[in-house]
Amino acid sequence: MVKNRLKGSNFLDLTFLTGEELEDLITFALKLKREGMKGIKPLNGKSIGLLFEKPSTRTRVSFEVAVLRLGGHPLYLSGGELQLKRGETIEDTGRVLSRYLDGIVFRTFSHERLERLARVSSVPVINALTDECHPCQALADMLTILEYRDGFEGLKFAYLGDGNNVAHSLMRAGTKLGMNVWIATPPGHEPRKKIVDECMEYCRTYHSSLTVTTKPREAASAADILYTDVWVSMGKEEESEINQALFKDFQINDKMISLAGEDVMVMHCLPANRGEEITDDVLDGSHSAVWDQAENRLHAQIALLDMIYG
Ligand code: CP
Ligand code: NVA
């Protein structure tokens, strides 16, 4: 049971859940979205810290609201305003915060920094994005696909762009849920080999597939889902100019849509750089699922918190 697996635990990435457990969590999120929490408040009297070392709109606000809806008290803690800024270690910060809080939602740079915080914390730690992965985003994305498509098996899921944190979590979720995942990136921007190898194992277990390519049109061809993210992630701003030329063939535009399946779903984790990885026409067009996808951050995280604290 996924509830037993998650109760009181950290949520650092999607490696530790089986495909069945992941599907149960997403199905539960859809049920909560449709039926509500029926007054149950598993976070009653609990305080959850949201420690962010990078900017955020969706993750921050959806977690604050999720904690409030479950009866808890969210505290937003900007890394730049804590003693971390003056050199206090992440370990000492984690030890101290654990004495006040019942959980820490952490957005940071290296995944190792998240793991260091989790190692010393005596309360659950939830990954709100690292340079390696963004598992809460993938939960909301899979919830959106379940809502629109009623299942996962055999869907062609094509991600076009940078092989980044979002791509890594989508690869893990997609291959565990039985999808045919395509990741198309320019040369040099492929997803990390360690995560590709890990997902190849999931493909064997869950009868899914993973194709990593530098050919965006092949990936988009007959796709059920087209997904993209910014070409330059937070913390990598110096790559910005080079990437414009390198990534231009990976843009999701009308031409790319015409290669995909007739009722292709277009997804983007947001924030978008309109006119770069996706055109206005597509982002605002009839195939776009992005606003439901953004809303689903809230529902997926309510389900996650209920599993951890319920
Ligand atoms: N998708 C996402 O994580 O958005 P924020 O950076 O606004 O939280
Ligand atoms: N890949 C992006 C995702 C933002 C939600 C970044 O890390 O900046």
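All ligand and atom numbering here is 1-based and tracks the order in the structure. Just so it is clear, the values below take in all heavy atoms, side chains as well, and ignore hydrogens, waters and symmetry mates.
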- Message: Classify the ring geometry of Phe247 against His189: parallel below 30°, tilted from 30° to 60°, perpendicular beyond 60°.
- Response: perpendicular
- Set of ring-ring contact (aromatic ring centres under 6.0 Å, His included) partners for Phe109, sequence neighbours left out: none
- Query: Under the side chain to side chain donor-acceptor pair (under 3.5 Å) test, which residues partner Asn296, sequence neighbours left out?
  - Reply: Lys33, Thr144, Glu147
- Thinking salt bridges, do Arg107 and Glu53 make one under a 4.0 Å N-O criterion? no
- Looking at Tyr206, is Lys176 sitting on its ring face, NZ or CZ under 6.0 Å from the six-membered ring centre and within 45 degrees of the normal? no
- Kindly work out whether a path of hydrophobic side-chain contacts (I/L/V/M/F/W/Y, heavy atoms less than 4.5 Å apart) joins Leu177 to Val181. yes
- Message: Salt bridge or not between Glu239 and Lys236? Use side-chain N to carboxylate O under 4.0 Å.
- Response: no
- Query: Just checking, Arg60 and Tyr76: is the charged tip under 6.0 Å from the six-membered ring centre and within 45° of the axis?
  - Reply: yes
- Message: For a quick check: using heavy atoms under 4.0 Å, what are the residues in contact with ligand 2, sorted by chain and number?
- Response: Leu129, Asn164, Asn165, Val166, Asp229, Val230, Ser233, Met234, Leu270
- Every residue of the protein that comes under 4.0 Å of ligand 1, judged on heavy atoms: Ser56, Thr57, Arg58, Thr59, Arg107, His134, Gln137, Cys269, Leu270, Arg297
- Message: Out of the candidates Gln244, Lys248, Gln251, only one should pair with Glu276 under the side-chain hydrogen bond (donor to acceptor under 3.5 Å, both in side chains) rule; please name it.
- Response: Gln244
